[in-house]
Participant: 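First, the structure itself, so that you have it in front of you.
We're numbering straight along the sequence, starting at 1.
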Amino acid sequence: MKNLDNVQPQVILNAEKEYEIALQQGDLAQICAQAELVATSYLYLQSYNSEAYRLWKAIEKQDCDRFQAEESLTIKAQTIQNMGQLKAVMEQPVD
C-alpha cells in the first residue's frame, strides 16, 4: 500500500502540471478538460482533501463556463455568416 500512497500525489501533481500547460497554450477546451481531470484526481485519489476538491471544482466551472461562452459566440458568428451568404443567394435574379 505504501507504493500506492506515493503514486497518488504524483498523479495529482502531473494533472496540475498539464493544467498549467493548457493555460499557457490558451485552448479553452483543453483548459476545461484539464481542470476537470485535476478535480476528479482529488476526488478519487485524495477524497479526504475535500477543500482541494472544492477549489478545483470551482476552477473547473469557471474554465468550462468560459469555454462554453466562447463556443456560443463562435456558433453565433458562423450562423450570421451563413445567413449573409443565404441572403446573397436569395437576392440573385432567377432566370
Participant: Please verify the inter-ring angle class for Y19 with W56; under 30° counts as parallel, over 60° as perpendicular, anything in between as tilted.
Facilitator: perpendicular

Participant: Locate the shortest heavy-atom distance separating D27 from A29; write the atom from each residue and the value.
Facilitator: OD1-N, 3.0 Å

Participant: Regarding E20 and Q24, is there a side-chain donor-to-acceptor distance under 3.5 Å anywhere?
Facilitator: no

Participant: Does any non-hydrogen side-chain atom of Y42 lie less than 4.5 Å from one of E16?
Facilitator: yes

Participant: Are the side chains of L45 and I12 in contact, using a 4.5 Å heavy-atom criterion?
Facilitator: yes

Participant: So if you build clusters from Ile, Leu, Val, Met, Phe, Trp, Tyr with side-chain heavy-atom gaps below 4.5 Å, do F67 and L23 land together?
Facilitator: yes

Participant: So, the side chain of T40 versus the backbone of E36: is there a donor-acceptor pair under 3.5 Å, distance only?
Facilitator: yes

Participant: Working to the nearest 0.5 angstrom, can you tell me the gap between E70 CD and L28 CG?
Facilitator: 4.5 Å

Participant: Nearest 0.5 angstrom please: C32 SG to E71 CD, how far?
Facilitator: 10.5 Å

Participant: Checking side-chain polar atoms at under 3.5 Å, does N14 have a donor or acceptor matched by the opposite partner on E18?
Facilitator: no

Participant: Quick one: does T79's side chain get under 4.5 Å of K76's, heavy atoms only?
Facilitator: no

Participant: Please give me the minimum heavy-atom distance between V11 and S41, naming the atom from each residue.
Facilitator: CG1-OG, 4.4 Å

Participant: Minimum heavy-atom separation for A35 to I59, with atom names?
Facilitator: CB-CG2, 4.3 Å

Participant: Take L37 and Q34 through the test side-chain contact (heavy atoms from CB on, under 4.5 Å) and record every step on the way to the result.
Facilitator: CA-CA 5 Å; L37 180 63; Q34 287 304 137; 3.7 Å; yes

